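Nothing here was measured: the structure is a model prediction, and the numbers come from that model.
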Amino acid sequence: DMYRHGGYSLNNVAVDTKRNWAYVSSWDGPPSHVAVVDKDKVIADIEVPGYDLRDVVYDATHDYIYVANRLSGSMSIIRGTEVITTVSTGGMGPTYITADEKRGYIYVSNATSHSVAVFGYESESNERSAWKRFLPFMRR
């Protein structure tokens with residue numbers, strides 16, 4: 001079946017394998033939206049404080065959804081149906097995201113400024129990681 005939601009221009013999809021939910025980004029806005037779908041039902045329409053949402057990625061190890069906000073120069077982090085925070089990627093045009101779960105890094109391509117933002121998780125052996133400097137809210 002074809003899925004249509006609120007007239008939004010839907011873009012990318014990521015599947016949360018823990019909850020079996022699909023997260024669908026919309027590039028409309030501001031603000032933009034992420035639809036959370038369980039089978040054939042929208043269970044949440046999350047307003048994201050970014051604009052022109054592009055890639056959406058699930059990180060099973062840390063239980064987060066990362067969303068690239070292309071025209072806002074930021075990345076939003078979602079858990080479940082709540083936006084945890086939105087952080088600057090330090091560049092313009094965040095478009096694609098990759099989560100290296102094994103090593104604990106999140107890479108965001110800033111297409112307009114031709115750069116890559118790298119975020120990392122703090123480990124017990126590395127107290128000076130990017131995680132502590134840039135994403136202290138995500139430490140568990």
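The two residues Ser76 and Val48 have their closest heavy-atom pair at OG-CG1, 3.2 Å. Nearest heavy-atom pair across Val56 and Asn12 is CG1-O, 3.5 Å. Here the closest heavy-atom approach between residue Ser113 and residue Ser115 is recorded as OG-OG, 3.1 Å. The nearest pair of heavy atoms linking Ser72 to Tyr51 is OG-N, 2.8 Å. Nearest heavy-atom pair, Tyr58 versus Glu101, reported as atom, atom and distance to 0.1 Å: O-OE2, 3.9 Å. Considering every non-hydrogen atom in both Thr112 and Gly93, the closest pair reads OG1-CA, 3.6 Å.
Linking ILVMFWY side-chain heavy atoms closer than 4.5 Å, directly or via other members, places Ile43 and Val15 in two distinct hydrophobic clusters. By the criterion of side-chain heavy atoms lying less than 4.5 angstrom apart, applied directly or through intervening Ile, Leu, Val, Met, Phe, Trp or Tyr residues, Val116 is grouped together with Tyr105 in one hydrophobic cluster. Criterion: ILVMFWY side-chain heavy atoms under 4.5 Å apart, direct or through other members. Under it, Tyr96 and Val108 are not part of a common hydrophobic cluster.
Between the side chain of Asp59 and the backbone N or O of His62, at least one donor-acceptor pair lies under 3.5 Å. Looking at Tyr23, its side chain never comes within 3.5 Å of a backbone N or O of Thr81 through a donor-acceptor pair. Asn110 contributes no side-chain N or O that, together with a main-chain N or O of Gly90, makes up a donor-acceptor pair within less than 3.5 Å. In this structure, Asp55 contributes its side chain and Ile97 its backbone to a donor-acceptor pair below 3.5 Å.
Summarising the geometry, atom OG belonging to Ser32 is positioned 4.0 Å from atom CG belonging to Leu53; distances are rounded to the nearest 0.5 Å. To the nearest 0.5 Å, atom OG1 of residue Thr61 and atom NZ of residue Lys102 are 11.0 Å apart. Here CG of Asp16 is found 11.0 Å from CD1 of Ile78. Values are rounded to the nearest 0.5 Å.
Tyr64 is not listed as a side-chain neighbour of Ile106, based on a closest heavy-atom distance of 4.5 Å or more. Between Pro94 and Met75, every side-chain heavy-atom pair lies at or beyond the 4.5 Å cut-off. For the pair Ile77 and Val87, the minimum side-chain heavy-atom distance is below 4.5 Å.
With sequence neighbours excluded, the residues that form a salt bridge (Lys or Arg N to Asp or Glu O under 4.0 Å) with Asp52 are Arg54, Arg70.
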Working for side chain to side chain donor-acceptor pair (under 3.5 Å), residues Tyr107 and Asp100:
CA-CA 8 Å; Tyr107 299 92; Asp100 180 346; 4.6 Å; no
Going through the distances and angles, do Arg19 and Asp63 end up as a salt bridge (charged side-chain N to carboxylate O under 4.0 Å, His left out)?
CA-CA 10 Å; Arg19 297 170 183 86; Asp63 194 27; 2.8 Å; yes
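Among the candidates Ser88, Ser74, Ser25, the single residue satisfying the side chain to side chain donor-acceptor pair (under 3.5 Å) test with Asn69 is Ser74.
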